[in-house]
*Asks:* 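Next up is a structure, given as structure tokens.
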Amino acid sequence: MVDISDYTDVPYLQEILNFLPVNPDDEEDVLDYVQNITSLIAVNYKYGQYQFAYFGVHLLYMTYIYCTSWKISQIEPERYKDAIVFARPYKGREDELTIEDVDSVFAYSLIPEKDIAKLFKVIGLDKSQISNVGILVGTRNEMAHATGKFEILTEESFDVKTSSVLASMKNIHRCMDQPIRKWCEQILLSYCAEEGEYGAYTNPVDFITEQMIQSFKLSINELLICNEMSVSHIITKHRGYSKKLKEYKTAIATYCTDMGYILSK
């Protein structure tokens, strides 16, 4: 297996990885899974096995779909429960999934892939983009069957297919902008309030890494949304939270800069 750094030669791959969790809790092995798939993509791309490299790209895409579905369940629990009623696990797998209270992002793999995107109505993804998720799944399925033919034989065709995946992720991410901001404000209120669930935190870096990055599985792009958010409106409503919020703003900006997510001024 090649070193994980070799993935930088693969077009669009870093952009795709920016939509996936930075450093989630280890219980689900999300990070190991993403790193292994990334290595698989890099190896196949290096040796011109572009169709197999694309299969890896699609696995990362579905991981993003699963992670986003889980985040919607956490941010909009009531709307999620109303929307998820359509979802039925594969036949014979019903006992393995409680869809109203999913405890693992990979649990969504028990639901037919083309159905999951219907959940994104909750965040305002339009019908054409919801359909596009199904189209990408269908295309992958057709290529995965043993037909004796390869559809992706060149770098150019790999670029086209992979850019379509990235475009879909960007569209979903745009719709997740406001939900992420809503979640971030809620968690900041709990962080600032002494009686809040996260009020015991005295070091904002610990709060950012443990609750935002690890527990909520924020991606680089989602973390940047939180970094861009103004806290002035929260301070206006809660003057007593000013000190802690300002420390948080400094800490998240420093973290993003130190990690190379944003350029230092």
*Asks:* By side chain to side chain donor-acceptor pair (under 3.5 Å), which residues pair with Asn221, not counting sequence neighbours?
*Replies:*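 In terms of side chain to side chain donor-acceptor pair (under 3.5 Å), with neighbours along the sequence ignored, Asn221 is linked to no residue.
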
*Asks:* Who passes side-chain contact (heavy atoms from CB on, under 4.5 Å) against Cys184, sequence neighbours left out?
*Replies:*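 Listed in chain order: Leu188, Met212, Cys226, Met229, Tyr248.
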
*Asks:* Go through the structure and list residues passing side chain to side chain donor-acceptor pair (under 3.5 Å) with Glu185, not counting sequence neighbours.
*Replies:*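 Only His233 meet the side chain to side chain donor-acceptor pair (under 3.5 Å) criterion with Glu185.
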
*Asks:* Looking only at non-hydrogen atoms, find the nearest pair between Pro179 and Ile123 and report the distance.
*Replies:*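 Nearest pair, atom of Pro179 first, then Ile123: CG-CG2, 3.9 Å.
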
*Asks:* Checking Tyr191 now: which residues fulfil ring-ring contact (aromatic ring centres under 6.0 Å, His included) with it, not counting sequence neighbours?
*Replies:*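 In terms of ring-ring contact (aromatic ring centres under 6.0 Å, His included), with neighbours along the sequence ignored, Tyr191 is linked to Phe207.
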
*Asks:* Please enumerate all residues that pass side-chain contact (heavy atoms from CB on, under 4.5 Å) together with Ser131, with sequence neighbours excluded.
*Replies:*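 Expected list: none.
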
*Asks:* Quick one: list whatever passes ring-ring contact (aromatic ring centres under 6.0 Å, His included) with Tyr261, sequence neighbours left out.
*Replies:*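 Listed in chain order: nothing, the list is empty.
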
*Asks:* So, for Ser168 and Leu136, which heavy atoms are closest and what is the spacing to 0.1 Å?
*Replies:*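 The pair with the smallest heavy-atom distance is CB-CD1, 3.9 Å.
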
*Asks:* Kindly list each side-chain donor-acceptor pair under 3.5 angstrom involving residues 194-203, sequence neighbours excluded, with atom names and distances?
*Replies:*
from	atom 1	to	atom 2	distance (Å)
Tyr201	OH	Glu210	OE1	2.6
Tyr201	OH	Gln211	NE2	2.9
Asn203	OD1	Val205	N	2.9

*Asks:* Among pairs that include at least one residue of residues 154-175, which meet ring-ring contact (aromatic ring centres under 6.0 Å, His included), considering only residues two or more places apart or in two chains?
*Replies:*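 Of all non-adjacent pairs touching residues 154-175, those that pass ring-ring contact (aromatic ring centres under 6.0 Å, His included) are Phe19-His173, Tyr45-Phe158.
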
*Asks:* Restricting to ring-ring contact (aromatic ring centres under 6.0 Å, His included), what partner residues turn up for Phe120, sequence neighbours left out?
*Replies:*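 Per chain and number, Phe120 pairs via ring-ring contact (aromatic ring centres under 6.0 Å, His included) with no residue.
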
*Asks:* Can you see which heavy atom on Tyr7 is nearest to which on Thr38, and at what distance?
*Replies:*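 So the minimum-distance heavy-atom pair works out to CB-CG2, 3.5 Å.
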
*Asks:* Name all residues meeting the side chain to side chain donor-acceptor pair (under 3.5 Å) criterion together with Ser219; count only those two or more places apart in sequence or in a different chain, and write none if there are none.
*Replies:*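 Here the qualifying residues are Glu222.
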
*Asks:* Going by the rule ring-ring contact (aromatic ring centres under 6.0 Å, His included), which residues pair with Tyr61 if we only count those two or more places apart in sequence or in a different chain?
*Replies:*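 In terms of ring-ring contact (aromatic ring centres under 6.0 Å, His included), with neighbours along the sequence ignored, Tyr61 is linked to His58.
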
*Asks:* If you take all heavy atoms of Ile130 and Leu125, which pair is closest and at what distance?
*Replies:*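 Nearest pair, atom of Ile130 first, then Leu125: CD1-O, 3.4 Å.
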
*Asks:* Hey, does the Lys NZ or Arg CZ of Lys217 hover above the aromatic six-ring of Trp70, less than 6.0 Å from the centre and inside 45° of the axis?
*Replies:*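 Here Lys217 passes the 6.0 Å and 45° test against Trp70.
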
*Asks:* Mind listing the closest non-hydrogen atom pair of Gln214 and Asn23 along with its distance?
*Replies:*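 Heavy atoms of Gln214 and Asn23 come nearest at CG-O, 3.3 Å.
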
*Asks:* Keeping the roles fixed (side chain from Asp29, backbone from Asp32), state whether a donor-acceptor pair exists under 3.5 Å.
*Replies:*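 Here the side-chain-to-backbone pair does not exist.
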
*Asks:* Checking Ser232 now: which residues fulfil side chain to side chain donor-acceptor pair (under 3.5 Å) with it, not counting sequence neighbours?
*Replies:*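 Listed in chain order: Ser230.
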
*Asks:* Can you give me the closest heavy-atom contact between Glu151 and Gln51, atom names plus distance?
*Replies:*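 Reported closest heavy-atom pair: N-OE1, 2.6 Å.
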
*Asks:* Strictly distance-based, threshold 3.5 Å: is any side-chain N or O of Lys249 a donor or acceptor partner for the main-chain N or O of Asn227?
*Replies:*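 Yes, the answer is positive, given that a donor and an acceptor are paired below the 3.5 Å cut-off.
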
*Asks:* For the side chain of Ser163 and the backbone of Val160, is there at least one donor-acceptor N/O pair under 3.5 Å apart?
*Replies:*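 Yes; judged by distance alone, with no hydrogens or angles, the pair exists.
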
